[in-house]
Amino acid sequence: MEAYKKLPGLLTSAHAASGSVPVKLNGVTKWPGSTTEPETPIEKVTTYNNYYEFGTDKDDPSKNARNFVTSPWTVSVEGEVAKPRKFSMDEIMKLAPLEERIYRHRCVEAWSIVVPWIGYSFSTIVKLVEPTPKAKYVAFETYYDPRQMPLGGEAGIQLPYVEGLRLDEAMNPLALLCVGMYDETLPNQDGAPVRMVIPWKYGFKSIKSLVKIRFMKDQPQTTWEMYAGGSEYGFYANVNPNVDHPRWSQASERRLGPGSGLFTPKIKTQMFNGYGDQVASLYAGMDLRKNF
Amino acid sequence: MNSILTSKWTKAIVFVACLVPLALLVWRGLHDDLSADPVAFITHATGDWTLRFLVITLAITPLRKILHMPQLIRFRRMLGLFAFFYVCLHFTTWIWLDKQFVWSEMWKDVEKRRFITVGFTGFLLLIPLAVTSTAGWIRRLGGKRWRMLHRLIYVTAVLGVIHYYWLVKSDVRKPLFYGLLVAILLAWRIGTWLIGRRGHSGAAAVRREAPVTTETS
Ligand code: HEM
């Protein structure tokens, strides 16, 4: 069913959702590195996104994730670590002080948003579980339950959804373990109750509804790599205006901002989505045209 | 039934109905209801309707035969022109709202991206059909040549499906659905042609098929 045929607006934000309803997060401090670009209105962020487990149209997640049960929730950390363990959601909320970080978020489909995420650096978790010297990569897995996500079987990709980072990428302070946005806990359609946000990579690397974290010796096979045999998206998927997607240019993007509309000019896409100062050194000596 | 099909009112009603998808888009636009990414929304809506009108246009001839409603021919040209109308909107959305009239970028895309290349080819092939859709052109070309030329719509429909199949990321159900419809409609033509070749009377019937200028005008 086409997005434009369905009546949107019944659920303009997740506030009206049944199941888990976002609640206000208190004691959140403001991270000093936030962008000062205008924030995308929450209505756009909650009604226009990709979450294939709930359907492949942009407004599917907002409609089909309403009753998604996200409590109780545990995140299991395993693999090459000295202290494998499970974290309950309550524990995750308290591992570190929560920060609001306003990041640019660039979708591989050449649109972008600016979102005030809430969370803390993923490195917090890494330090707690103590990776062994063999650990070189981290694999992340999204929850998958065909009963709660009946449309997942039709998305054409293999589920559960798997993403990955090199360990040093995961340790970069920008890599965010995210539990909220816009002052509240995450709405279901945006990856409740806990997700990753990797602002210098295309959005599909920022895995939602995280249930498993696995430290590994070898580079994990990610969902989109498996789908396209590596021809479509590589493992790194860093935002890069100089390397086009096979079907469209990545040189510019449509910023979905406050008041953006039909005639809003596109903006130029920045290398590493503008986070080069913090992350470019991770890729020193690598050919980013090959490792895209 | 016959009188309904031949009434000029029916034609007017079908004409207005064909404008409903556009009217809905405008209405939604005025109500700020084109999703967070209105350009993508309009591109998809107009692309969908182009393909739908191509399929509906291709369905007219089989339906005339199967339902014994030869008068349906009265609507074929109009429906074909609406396919062209929606592809013009689709193309305009792309060149104006998406590419923002940067012609160099446009050419790069046409050359480089196979889904654009086939879509663009499909669009170009429809132009001569739209131009020669008048009774005057049918006379000028002669029925046989006109029919040959207008078989280009088969190519456009196939290219439209390939365009759609190549542009989706992973969920190929909708392009396959349209592919199936186009395949059935083309297979029907091949089937009747084969049957027509065998039986003499059948062949005559196939040859007598459209265009009938007075009816289509
Ligand atoms: C007869 C010709 C054409 C047909 C039947 C057609 C049909 C379609 C359809 C069905 C879609 C997908 C709609 C959806 O996802 O719901 C689409 C998308 C699109 N078409 Fe076309 N189209 C044609 C020609 C063109 C041309 C000439 C261009 C530009 C040069 C073009 C550019 C696009 C673009 C940019 C998209 C969106 C791609 C995306 O979402 O990534 N199309 N078209």
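Just so you know, these numbers use all the heavy atoms, side chains as well, and skip hydrogens, waters and symmetry mates. Note on naming: letters A, B, ... go to the chains in the order of the sequence lines (proteins, then strands), and numbering restarts at 1 for each one. Computed from a predicted structure; not experimentally measured.
With hydrogens and angles ignored, the 3.5 Å screen pairs a side-chain donor or acceptor of B/Gln100 with a backbone N or O of A/Thr264.
Taking every heavy atom of both residues into account, B/Arg173 and A/Glu154 meet most closely at NH1-OE1, 2.6 Å. Nearest heavy-atom pair, B/Ser170 versus A/Tyr52, reported as atom, atom and distance to 0.1 Å: OG-CE2, 3.3 Å. Considering every non-hydrogen atom in both A/Leu262 and B/Pro38, the closest pair reads CD2-CB, 3.6 Å.
Chain B forms the most heavy-atom pairs under 4.5 Å with one residue out of A/Ser260, A/Ser249, A/Gly261, and that residue is A/Ser249. When the candidates B/Asp98, B/Thr93, B/Leu24 are compared by the number of heavy-atom contacts under 4.5 Å with chain A, B/Asp98 comes out ahead.
Counting non-hydrogen atoms of neighbouring residues, nucleotides and ligands closer than 6.0 angstrom, the OH atom of B/Tyr165 reaches no more than 12 such neighbours. Summarising the local packing, CD of A/Gln158 is surrounded by 12 or fewer heavy atoms from other residues, nucleotides or ligands at distances under 6.0 Å.
Heavy-atom distances place the side chain of A/Asp244, and not its backbone, under 4.5 Å from chain B. Using a 4.5 Å cut-off between heavy atoms, B/Val39 touches chain A through backbone and side chain atoms alike. For B/Trp96, the part lying near chain A is the side chain, with the backbone staying farther off; criterion is any non-hydrogen pair under 4.5 Å. Using a 4.5 Å cut-off between heavy atoms, A/Thr40 makes no contact with chain B at all. Proximity to chain A is absent for every atom of B/Asp32, based on heavy atoms less than 4.5 angstrom apart. Using a 4.5 Å cut-off between heavy atoms, B/Ile116 makes no contact with chain A at all. Both the backbone and the side chain of A/Pro265 have a heavy atom closer than 4.5 Å to some heavy atom of chain B.
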- Check step by step if side chain to side chain contact (heavy atoms under 4.5 Å, CB included) holds for A/Trp224 and B/Lys169. CA-CA 10 Å; A/Trp224 282 108; B/Lys169 265 206 300 199; 4.2 Å; yes

- Given the rule in the side chain to side chain contact (heavy atoms under 4.5 Å, CB included) test, do A/Thr56 and B/Val168 qualify, once you have shown the distances and angles that lead to the verdict? CA-CA 10 Å; A/Thr56 52; B/Val168 294; over 6 Å; no

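In this structure, the side chains of B/Asp37 and A/Glu109 stay at 4.5 Å or more apart for every pair of heavy atoms.
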